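To keep things clear, I will list the structure first and then write my remarks on it.
Computed from a predicted structure; not experimentally measured.
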Amino acid sequence: MAGIKSIGILTSGGDAPGMNAAIRAVTRSAIFNGFSVKGIMRGYKGLVFNEIVDFKSQSVSNIIQLGGTILKTARSQEFTTPEGRKAAYDNMVAAGIDALVVIGGDGSLTGAGIFAEEFNVPIVGLPGTIDNDLGGTDSTIGYDTALNTIMEAVDKLRDTASSHERLFFVEVMGHTAGYLALNSAIATGSEAAIIPEMETEVDQLAELINHGFRKSKNSAIVIVAENPKTGGATALAERVKKEFPQYDARVTILGHIQRGGSPTAVDRILASRMGEAAIEAILDGQRNVMIGTMNGKIVYVPFAKAVKHDKGIDRGALDLVKILSI
């Protein structure tokens with residue numbers, strides 16, 4: 001795109017495995033196409049407080065295998081104010097940055113949309129979140145790695161669950177979406193997944209105990225998405241104590257280990273493809289779009305569509321958990 005010489009990269013919001021692979025791909029694709037690259041530390045906060053560094057090809061050597069993000073990430077209250085965004089824009093101009101690549105989840109892309117509109121900045125987003133809750137893309141960077149982390153943890157838990165007669169509730173991340181819970185339930189052979197998308201339709205706990213937890217099984221593992229709607233694993237275990245005292249309910253909250261670890265091959269390849277596609281999008285004159293993949297093909301998704309949370313849950317996957325847990 002005419003007039004763009006320098007590209008800034010930042011990672012924002014919660015970190016996700018594969019962000020470094022994306023940073024590497026964006027940096028090297030940009031350099032390959034003749035752009036200079038600036039790394040912005042600590043997300044939008046670094047833009048507001050002018051933490052901007054020159055990036056060369058060697059700046060991203062040996063990082064594809066690392067979890068987390070070498071650019072660091074932070075929540076930025078300042079960027080939510082018009083004054084903060086103005087300071088961010090002034091710093092960007094002073095550093096000679098003409099376009100931004102923002103790697104993050106829905107909050108990050110929402111912020112990008114506002115910033116792009118206010119200051120007419122070309123921005124391309126990459127979906128970096130373990131929750132896989134962004135619209136317009138089959139998968140987000142970090143999702144596959146988080147699924148594998150959950151799978152390994154639950155496999156270990158199953159060894160101890162089957163030694164005792166227990167109902168294990170395993171809480172996984174996914175504040176607004178049940179993708180992690182649902183797919184990790186399939187991958188681990190869990191008895192059920194309790195997800196926010198279903199909470200308004202049925203009492204998922206009662207359904208599980210009355211239909212799913214049969215006498216033939218002496219232990220069960222239930223994956224629960226952390227969410228005010230489901231109440232999380234702790235609230236469900238409390239309910240079991242009150243309503244179904246015959247069961248010994250235990251809670252395991254996997255927490256932030258889901259965000260860590262070396263990214264899987266799937267996430268490294270996805271991040272590399274998306275990073276290169278972000279630079280292609282800028283060359284094509286695209287702006288205010290997130291890079292997604294649909295059926296293996298790269299697609300451009302407007303920010304407004306990406307952050308809508310209208311992906312919907314796969315009913316077939318829900319049925320599959322039920323069928324395979326008999």
Checklist entry - Counting N and O atoms only, with roles assigned by atom type, does the side chain of Glu243 sit under 3.5 Å from a partner on the main chain of Val240, one being a donor and the other an acceptor? => result no
Next on the checklist: Taking Ile221's backbone N and O only, do any of them form a donor-acceptor pair with Glu191's side chain (distance below 3.5 Å, no angle check)?
Outcome noted: yes
Checklist entry - Do any pairs count as a ring-ring contact (aromatic ring centres under 6.0 Å, His included) and have a residue in residues 117-145, sequence neighbours left out, and if so which ones? => result Tyr89-Phe119, Phe115-Phe119
Checklist entry - Once you round to the nearest 0.5 Å, how far does CZ of Arg42 lie from CD of Glu51? => result 4.5 Å
Checklist entry - Between Arg315 and Asp319, is there a salt bridge with N-O shorter than 4.0 Å? => result no
Item to check | Nearest non-hydrogen partners of Ala116 and Asn288, listed with the distance | outcome: CB-OD1, 3.0 Å
Item to check | Beyond-backbone contact of Pro122 with Asp98, side-chain heavy atoms, under 4.5 angstrom | outcome: no
Item to check | Phe55 and Ile23, any side-chain heavy atoms less than 4.5 Å apart | outcome: yes
Checklist entry - Side-chain heavy atoms under 4.5 angstrom apart, residues restricted to Ile, Leu, Val, Met, Phe, Trp, Tyr: same cluster for Ile114 and Val301? => result no
Next on the checklist: Please give me the minimum heavy-atom distance between Thr188 and Arg158, naming the atom from each residue.
Outcome noted: O-NH2, 3.2 Å
Next on the checklist: Within the structure provided, determine whether Asn20 and Arg24 are in side-chain contact (heavy-atom separation under 4.5 Å).
Outcome noted: no
Item to check | Pairwise distance CG(Asp138) to CG(Asn132) - rounded to 0.5 angstrom | outcome: 8.5 Å
Checklist entry - Does the Asp267 side chain pair with the main chain of Thr145, one donor and one acceptor, at a distance under 3.5 Å? => result yes
Next on the checklist: Please find the pair of heavy atoms, one from Ile130 and one from Pro17, that lie closest to each other, and give the distance.
Outcome noted: CG2-CD, 3.8 Å
Next on the checklist: Once ring-ring contact (aromatic ring centres under 6.0 Å, His included) is applied, do any residues pair with Tyr44, and if so which ones, sequence neighbours excluded?
Outcome noted: Phe79
Checklist entry - Regarding Thr264 and Asp144, is there a side-chain donor-to-acceptor distance under 3.5 Å anywhere? => result yes
Checklist entry - Side-chain donor-acceptor pair under 3.5 Å between Ser6 and Ser36, yes or no? => result yes
Checklist entry - If only atom types and distance count, is the side chain of Asp131 paired as donor or acceptor with the main-chain N or O of Asp133 below 3.5 Å? => result no
Checklist entry - Same hydrophobic cluster for Phe49 and Val93, using side-chain heavy-atom links shorter than 4.5 Å among ILVMFWY? => result yes
Next on the checklist: Under 4.0 Å between a side-chain nitrogen and a carboxylate oxygen: does that hold for Asp54 and Lys56?
Outcome noted: no
Checklist entry - Side chains of Leu10 and Thr73: does their closest heavy-atom pair fall under 4.5 Å? => result no
Checklist entry - So if you build clusters from Ile, Leu, Val, Met, Phe, Trp, Tyr with side-chain heavy-atom gaps below 4.5 Å, do Leu147 and Leu324 land together? => result yes
Checklist entry - When you look at CD of Glu118, are more than 12 heavy atoms from neighbouring residues, nucleotides or ligands closer to it than 6.0 Å? => result yes
Item to check | Ser12 side chain to Gly43 backbone, donor-acceptor under 3.5 Å | outcome: no
Checklist outcome for this item: Between Ile97 and Gly8, the two heavy atoms sitting closest are CG2-N, 3.5 Å
Next on the checklist: Go through it in stages, so that I can follow the logic: the residues are Lys38 and Ile9, the test is side chain to side chain contact (heavy atoms under 4.5 Å, CB included), and I'd like the CA-CA distance, side-chain angles, deciding distance and then a yes or no.
Outcome noted: CA-CA 6 Å; Lys38 308 274 183 183; Ile9 314 174; over 6 Å; no
Next on the checklist: Using 0.5 Å steps for rounding, measure from the CD1 atom of Ile282 to the CD1 atom of Ile7.
Outcome noted: 4.0 Å
Checklist entry - What's the spacing between Asp106 CG and Ser108 OG if we round to 0.5 Å? => result 7.5 Å
Checklist entry - Does the side chain to side chain contact (heavy atoms under 4.5 Å, CB included) test come out yes or no for Thr137 and Met290, once each step is laid out? => result CA-CA 9 Å; Thr137 186; Met290 179 191 84; 3.8 Å; yes
Item to check | hydrophobic_cluster_shared for Ile141 and Ile269, side chain cutoff 4.5 Å | outcome: no
Checklist entry - Which residues satisfy the salt bridge (charged side-chain N to carboxylate O under 4.0 Å, His left out) test with Lys322, sequence neighbours excluded? => result Glu207
Next on the checklist: For Ile4 versus Ala99, what's the shortest heavy-atom pair and its separation?
Outcome noted: CD1-CB, 3.9 Å
Checklist entry - Ser190 and Val154: side chain to side chain contact (heavy atoms under 4.5 Å, CB included), yes or no, with the steps? => result CA-CA 9 Å; Ser190 293; Val154 175; 4.2 Å; yes
Item to check | Heavy-atom side-chain contact between Val60 and Arg28 under 4.5 Å | outcome: yes
Checklist entry - Is any side-chain heavy atom of Ile150 less than 4.5 Å from a side-chain heavy atom of Leu254? => result yes
Item to check | Those residues that, when tested against Phe244, pass ring-ring contact (aromatic ring centres under 6.0 Å, His included) (two or more places apart) | outcome: none
Checklist entry - Once you round to the nearest 0.5 Å, how far does CD1 of Ile223 lie from CE of Met151? => result 11.5 Å
Checklist outcome for this item: Applied to residues 289-299, the side chain to side chain donor-acceptor pair (under 3.5 Å) test, sequence neighbours excluded, yields none
Next on the checklist: Any heavy-atom pair between the side chains of Val170 and Val224 that's under 4.5 Å?
Outcome noted: no
Checklist outcome for this item: Nearest heavy-atom approach of Tyr300 to Ala281 is OH-CA, 3.4 Å
Would you tabulate the side-chain donor-acceptor contacts of residues 273-280 under 3.5 Å, counting partners in other chains and residues two or more places apart, or write 'none'?
| unit_1 | atom_1 | unit_2 | atom_2 | d |
| --- | --- | --- | --- | --- |
| Arg273 | NH1 | Gly296 | O | 3.3 |
| Arg273 | NH2 | Gly296 | O | 2.8 |

Item to check | Candidate pair His256 and Arg259, rule side chain to side chain contact (heavy atoms under 4.5 Å, CB included), full reasoning | outcome: CA-CA 5 Å; His256 283 76; Arg259 282 217 189 130; 3.7 Å; yes
Checklist entry - In the single-linkage hydrophobic clustering (I, L, V, M, F, W, Y; side-chain heavy atoms under 4.5 Å), do Ile64 and Leu270 co-cluster? => result no
Checklist entry - Taking atom CG of Leu47 and atom CE of Met92, what is their separation to the nearest 0.5 Å? => result 7.0 Å
Next on the checklist: Ignoring hydrogens and geometry beyond distance, is a side-chain donor-acceptor pair present between Asn120 and Glu117 at under 3.5 Å?
Outcome noted: no
Checklist entry - Is any side-chain heavy atom of Gln65 closer than 4.5 Å to a side-chain heavy atom of Arg268? => result yes
